[in-house]
There are 2 protein chains.
Amino acid sequence: MSKTKVHRLGDLQLKIMKVLWDSNEATVADVHQSLAGERDLAYTTVATMLRKMEARGLARHRVDGRSFVYRPAVGSDAVTRGMSDHLLDRLFEGNLADMVSHLLTTREVSREELSKLEKLIAERKKSL
Amino acid sequence: MSKTKVHRLGDLQLKIMKVLWDSNEATVADVHQSLAGERDLAYTTVATMLRKMEARGLARHRVDGRSFVYRPAVGSDAVTRGMSDHLLDRLFEGNLADMVSHLLTTREVSREELSKLEKLIAERKKSL
DNA sequence: CTTCATCTACTACCTTGGTAGTATTACCAG
DNA sequence: CTGGTAATACTACCAAGGTAGTAGATGAAG
């Protein structure tokens, strides 16, 4: 089991993962392109990061001509889950209700969003 | 406006902050003591970390005899908020409902917790 | 063949969190 | 006064994220 620690992704790594998840396969140039505007990084920065990420088990690559084509090695679900869990544990000692309640009480939520959540909770309750 | 970036606290730093929040004032020895068992750190490790944290604006200290008495310089609210927001932005592009819904759908929640949340949402809705 | 663009590889830094040893200081017991 | 103890200060590392320059290889254009 590789047990890739998927709960500690830096900002850049996460952004890169998102590109990979969206495109499923991407060359360094593709990723660099996708990130342009938002972040103005050197091409080599992206390349280096991708190599590091592969070493960490976050991505894999295959060779196409002279280029490396990267693809994600972990799913976005696992990452989202891992990172959320990490925060949940660290901040709320694993108490989910505490976390949700904190989220809900400390910021703006529209009536629509609340209704959506109400529906979600109702559904969830039924399936217990 | 010190603008202390309060969204990136390491595991140890957060644990230390929790001790400070709980005790309001604590010496290095106190913190070290509080952490013992859970984590077996050298006394100097705690001392160093506290010094670093003070440099980062997370804590302050006053002198009592030969000892430093530390107190938090940022509230637990701000930290909880900052860290949650950071994750919310990074993972869910700031969409709160998405985050809550992810939390609710990907793990176990008891009927009681769901009811609690329902109530919370109802309250929230009223005050809009 | 030569030149140029394009890739990857390697190396190098910087920052921050984490961890801890050594040095120094200062107080306290005898 | 003399040890010993307990504090902080200083220094030193390591790992990981982030950033990028330089070198070397290779393919394409002329």
Side-chain angles (χ1 to χ4, degrees), chain A residues 3-20 25-33 35-36 38-71 74 79 82-83 86-87 90, chain B residues 3-20 25-33 35-36 38-71 74 79 82-83 86-87 90:
Chain A
K3 199 68 170 180
T4 310
K5 285 171 213 144
V6 91
H7 62 280
R8 192 157 254 176
L9 286 228
D11 284 6
L12 178 57
Q13 295 188 342
L14 190 56
K15 284 206 176 77
I16 291 177
M17 286 309 293
K18 288 191 181 204
V19 175
L20 294 185
E25 281 210 327
T27 62
V28 176
D30 291 338
V31 176
H32 183 237
Q33 206 57 255
L35 260 42
E38 191 186 0
R39 319 207 22 172
D40 217 22
L41 297 168
Y43 180 92
T44 51
T45 299
V46 178
T48 303
M49 205 62 230
L50 277 165
R51 223 168 319 110
K52 285 190 177 183
M53 287 168 69
E54 180 159 34
R56 302 226 98 228
L58 295 171
R60 277 183 270 105
H61 84 273
R62 66 180 174 81
V63 180
D64 177 34
R66 277 191 302 153
S67 300
F68 281 11
V69 181
Y70 286 91
R71 58 163 63 240
V74 293
V79 171
M83 291 181 68
H86 190 55
L87 199 77
R90 276 152 54 87
Chain B
K3 200 65 171 182
T4 310
K5 285 171 215 146
V6 92
H7 63 281
R8 192 156 254 177
L9 286 231
D11 285 6
L12 179 57
Q13 295 189 341
L14 189 57
K15 284 203 176 81
I16 291 178
M17 285 310 292
K18 288 189 182 205
V19 174
L20 294 185
E25 281 210 330
T27 62
V28 177
D30 291 337
V31 176
H32 183 235
Q33 207 56 254
L35 260 41
E38 192 185 1
R39 316 206 28 171
D40 215 22
L41 297 168
Y43 180 92
T44 51
T45 299
V46 178
T48 304
M49 204 63 229
L50 276 165
R51 223 168 318 107
K52 286 189 177 183
M53 286 168 69
E54 180 158 33
R56 302 227 100 228
L58 296 171
R60 275 183 272 105
H61 84 274
R62 66 181 175 80
V63 179
D64 176 33
R66 277 190 302 153
S67 299
F68 281 13
V69 182
Y70 285 92
R71 58 165 61 242
V74 292
V79 171
M83 291 181 67
H86 190 55
L87 198 76
R90 275 151 55 83

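Numbered from 1 within each chain, the chains take letters A, B, ... in sequence-line order. All of these numbers come straight from a predicted model, not from anything done at the bench.
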Whole angstroms only, please: what is the [atom1]-[atom2] distance between [X] and [N]?
X	N	atom1	atom2	result
Arg90(A)	dG18(C)	CZ	C1'	13 Å
Asp40(B)	dA20(C)	CG	C1'	13 Å
His86(A)	dG17(C)	NE2	C1'	12 Å
Asp64(A)	dT26(D)	CG	C1'	15 Å
Leu35(B)	dT19(C)	CG	P	10 Å
Glu54(A)	dA16(D)	CD	C1'	17 Å
Lys52(B)	dC14(D)	NZ	P	14 Å

Pick base, sugar-phosphate or nothing for Leu41(B), based on heavy-atom distances below 4.0 Å to the nucleic acid.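 It contacts sugar-phosphate atoms only.
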Would you jot down, in residue-number order, the residues of residues 55-62 of chain B having a non-hydrogen atom under 4.0 Å from DNA chain C?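 Under 4.0 Å from DNA chain C: Arg56(B).
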Sub-4.0 Å heavy-atom contacts from residues 11-18 of chain A onto DNA chain C, ordered by number: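 Heavy-atom cutoff 4.0 Å gives no residues at all.
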Got a list of side-chain donor-acceptor pairs under 3.5 Å for residues 47-54 of chain A, not counting sequence neighbours?
unit_1	atom_1	unit_2	atom_2	d
Thr48(A)	OG1	Thr44(A)	O	2.7
Glu54(A)	OE1	His61(A)	ND1	2.6
Glu54(A)	OE2	His61(A)	N	3.0
Glu54(A)	OE2	His61(A)	ND1	2.9

Output all residues satisfying side chain to side chain contact (heavy atoms under 4.5 Å, CB included) with [X], sequence neighbours left out; order by chain, then residue number.
X	answer
Arg90(A)	Arg8(A), His86(A), Asp11(B), Leu14(B), Met83(B)
His32(A)	Tyr43(A), Val46(A)
Ala26(A)	Leu20(A), Ser23(A), Asp30(A), Val31(A)
Arg66(A)	none

Testing the basics here: between Thr27(A) and Ser67(A), what is the closest heavy-atom pair and its distance to 0.1 Å?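 Closest approach of Thr27(A) to Ser67(A): CG2-CB, 4.5 Å.
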For Val74(B) and Gly57(B), which heavy atoms make the closest approach, and how far apart are they?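 The answer is CG1-O, 3.9 Å.
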According to a strict under-4.0 Å criterion, is Arg8(B) in side-chain N/O contact with OP1 or OP2 of dG17(D)?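 For dG17(D), OP1/OP2 do not have a side-chain N/O of Arg8(B) under 4.0 Å.
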Non-neighbouring partners of Arg60(A) that pass side-chain hydrogen bond (donor to acceptor under 3.5 Å, both in side chains), sequence neighbours left out: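 By the side-chain hydrogen bond (donor to acceptor under 3.5 Å, both in side chains) rule, Arg60(A) matches no residue at all.
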Lys18(B): side-chain hydrogen bond (donor to acceptor under 3.5 Å, both in side chains) partners, not counting sequence neighbours: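 Counting only residues at least two positions away or on another chain, Lys18(B) forms a side-chain hydrogen bond (donor to acceptor under 3.5 Å, both in side chains) with Glu93(A).
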Return the polar atom pairs (N/O with N/O) between nucleotides 7-11 of chain C and the protein under 3.5 Å, or none.
unit_1	atom_1	unit_2	atom_2	d
dC7(C)	O3'	Arg66(A)	O	3.4
dT8(C)	OP1	Phe68(A)	N	2.8
dT8(C)	OP2	Tyr43(A)	OH	3.1
dA9(C)	OP2	Arg51(A)	NE	3.3

By salt bridge (Lys or Arg N to Asp or Glu O under 4.0 Å) - contacts of Arg39(A) (at least two apart):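 Scan of Arg39(A) (salt bridge (Lys or Arg N to Asp or Glu O under 4.0 Å), adjacent residues dropped) gives none.
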Find out whether Leu58(A) and Ile16(A) are in side-chain contact, i.e. whether some heavy atom of one side chain is under 4.5 Å from a heavy atom of the other.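 No, their side chains stay 4.5 Å or more apart.
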